[in-house]
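Let me begin by presenting the structure, written as structure tokens, before commenting on it.
Sequence lines set the chain letters: A, B, ... in the order given, protein chains first and strands last, and positions in each chain run from 1.
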There are 2 protein chains.
Amino acid sequence: MAGNYSVQRETIYQVLKSTKTHPSADWVYRRCRDVLPGIGLATVYRNLELLVEQGRAIKINVAQGKDRYDADVTPHFHTVCPICGKVSDCDTDGVIAKALDGECERRGYQGWSLIFTDVCPDCRSIKQIKISRSDQ
Amino acid sequence: MAGNYSVQRETIYQVLKSTKTHPSADWVYRRCRDVLPGIGLATVYRNLELLVEQGRAIKINVAQGKDRYDADVTPHFHTVCPICGKVSDCDTDGVIAKALDGECERRGYQGWSLIFTDVCPDCRSIKQIKISRSDQ
DNA sequence: GCAAAATTGAGAACAATTCTCATTTTATTT
DNA sequence: AAATAAAATGAGAATTGTTCTCAATTTTGC
């Protein structure tokens with residue numbers, strides 16, 4: 001594997017590793033520009049994709065809007081807020097993850113992706129406000 | 001709910017109900033045109049979205065490419081082929097589905113979406129050919 | 001330090017989906 | 001069944017997220 005290093009690539013990986021917000025490519029791009037003002041958006045897309053191929057990151061495909069990336073490659077799953085699209089880690093005892101791994105093993109599947117729908121705390125409170133307003 | 005009927009809407013729903021292929025909006029559009037040559041693509045998108053809102057269909061968000069729709073709204077999950085993108089139903093004993101429903105109940109989530117990655121039979125055989133070719 | 005290979009940045013290109021709006025269809029009222 | 005109001009349509013423009021192209025630059029291996 002010749003090459004496989006560049007300032008940009010390393011920066012992108014560090015930015016991704018430094019957050020738990022499951023950011024979009026665009027968010028990573030903006031954060032990278034703080035350090036490397038000249039970095040291009042295509043470079044960010046390219047390298048995020050490469051990190052996924054290398055198994056150093058995962059891509060989370062949410063219903064509407066942009067794909068999200070995560071440098072946490074340990075098996076885990078996510079909740080997505082159906083209102084704002086926010087992605088959060090799902091704290092779990094691991095029983096379900098183990099069951100899914102087992103299912104893959106038995107059936108020869110390559111992997112799984114599990115997403116729960118959950119209105120996030122922020123949207124929950126805004127929803128409350130809306131409900132009480134329309135009640136008046 | 002005034003209205004809620006149109007020839008187009010009904011046709012779109014019938015087309016979707018008539019297949020197990022988890023089609024894209026575009027595929028539904030082409031099938032509808034056999035019956036209604038003048039139907040517009042936007043109408044198909046609009047109504048598929050409406051069917052989802054009404055709980056008469058689900059939308060399956062696959063990694064790359066177009067969203068897929070399914071008129072089977074009973075809880076079940078899918079495999080997606082990482083090569084050609086084909087979506088198939090996952091025959092299951094229901095244990096996992098029950099576990100996920102239970103998790104939603106306990107945590108107050110609204111729902112779940114589970115997708116397994118599985119190279120489909122077609123792509124599996126093409127892969128074999130490719131492997132044996134590059135072996136020569 | 002030099003040549004080959006890999007990577008970059010900029011913007012064009014692309015694909016899927018959504019939006020706009022004048023026209024048509026459907027529902028409601030009389 | 002005519003008139004009116006409400007809902008939905010088709011066409012194409014617009015938008016969005018992502019990928020592609022390619023000349024210039026950076027990195028690698030000697």
Side-chain angles (χ1 to χ4, degrees), chain A residues 1-16 22-54 56-70 80 82 84-87, chain B residues 1-16 22-54 56-70 80 82 84-87:
Chain A
M1 194 189 294
N4 203 27
Y5 169 84
S6 76
V7 180
Q8 290 85 344
R9 180 128 71 231
E10 210 48 40
T11 306
I12 289 162
Y13 184 55
Q14 292 308 326
V15 164
L16 187 61
H22 312 85
S24 63
D26 182 63
W27 187 96
V28 173
Y29 168 59
R30 277 179 280 116
R31 288 287 252 99
C32 286
R33 274 202 307 191
D34 295 345
V35 186
L36 301 171
I39 197 170
L41 180 58
T43 301
V44 174
Y45 270 103
R46 253 189 313 247
N47 282 293
L48 286 172
E49 217 47 50
L50 192 77
L51 289 170
V52 170
E53 275 167 37
Q54 295 177 337
R56 298 206 286 160
I58 59 166
K59 189 182 190 170
I60 307 158
N61 199 245
V62 296
Q64 72 297 310
K66 316 166 191 176
D67 287 338
R68 312 303 207 82
Y69 296 85
D70 190 350
V80 176
C84 71
K86 182 177 178 182
V87 177
Chain B
M1 195 189 290
N4 203 26
Y5 168 85
S6 76
V7 180
Q8 291 83 346
R9 180 128 71 231
E10 209 48 41
T11 305
I12 289 160
Y13 183 54
Q14 292 308 324
V15 164
L16 187 61
H22 311 85
S24 63
D26 183 63
W27 187 96
V28 173
Y29 169 60
R30 278 181 278 115
R31 290 286 254 96
C32 285
R33 275 202 307 191
D34 295 346
V35 186
L36 300 172
I39 197 169
L41 179 58
T43 300
V44 174
Y45 271 102
R46 253 189 312 247
N47 282 291
L48 285 172
E49 217 48 50
L50 192 75
L51 289 170
V52 171
E53 275 167 36
Q54 294 177 338
R56 299 205 287 161
I58 58 166
K59 188 181 191 170
I60 307 157
N61 200 244
V62 296
Q64 72 296 313
K66 315 166 191 177
D67 288 337
R68 312 304 206 82
Y69 295 87
D70 190 350
V80 176
C84 71
K86 182 178 178 181
V87 177

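At whole-Å resolution of the value, CG in N4(B) and P in dT9(D) are 10 Å apart. Straight-line distance from the CD atom of E10(B) to the C1' atom of dT9(D): 16 Å, rounded to whole Å. Distance, L48(A) CG to dT18(D) P: 10 Å, rounded to whole Å. dA6(C) atom C1' lies 11 Å from atom CG of N47(A), rounded to whole Å. Atom CG in D26(A) sits roughly 11 Å away from atom C1' in dT16(D) (whole-Å rounding). In this structure, CD of Q54(B) is placed 14 Å from P of dA7(D), rounded to the nearest angstrom. Per the geometry, CZ belonging to R9(B) stands 5 Å off P belonging to dA8(D), to the nearest Å. Straight-line distance from the CH2 atom of W27(B) to the P atom of dA16(C): 17 Å, rounded to whole Å.
Every residue two or more places apart in sequence or in another chain that forms a side-chain contact (heavy atoms from CB on, under 4.5 Å) with N61(B) is listed here: N61(A), D67(B). Residues forming a side-chain hydrogen bond (donor to acceptor under 3.5 Å, both in side chains) with R46(B) (at least two apart in sequence, or on another chain): T43(B). For E49(A), the salt bridge (Lys or Arg N to Asp or Glu O under 4.0 Å) partners two or more places apart in sequence, or in a different chain, are K59(A). By the salt bridge (Lys or Arg N to Asp or Glu O under 4.0 Å) test, R33(A) is found to be paired with no residue, residues two or more places apart in sequence or in another chain being considered.
For Q8(B), a side-chain nitrogen or oxygen approaches OP1 or OP2 of dG10(D) to under 4.0 Å. An OP1 or OP2 oxygen of dT18(C) is reached within less than 4.0 angstrom by no side-chain nitrogen or oxygen of Y45(B). Residue S6(B) places at least one side-chain N or O closer than 4.0 Å to OP1 or OP2 of dT9(D).
Sorted by first and then second residue, the ring pair (Phe, Tyr, Trp, His ring centres under 6.0 Å) pairs involving residues 22-51 of chain B (not counting sequence neighbours) are H22(B)-H78(B).
DNA chain D is contacted by G38(B), I39(B), G40(B), A42(B), T43(B) of residues 37-44 of chain B, taking any non-hydrogen atom closer than 4.0 Å.
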How does DNA chain C look in dot-bracket notation if pairs are Watson-Crick or G-U with both distances under 3.5 Å, crossing ones as [ ], other-strand ones as |?
||||||||||||||||||||||||||||||
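Comparing dT21(D), dA16(C), dT28(D) by their closest approach to the side chain of R46(A) singles out dT21(D).
Distance check: Q14(A) CD to C32(A) SG gives 10.0 Å after rounding to the nearest 0.5 Å.
Nearest-nucleotide mapping onto DNA chain C: of L50(A) and K59(B), the residue sitting toward the 5' end is L50(A).
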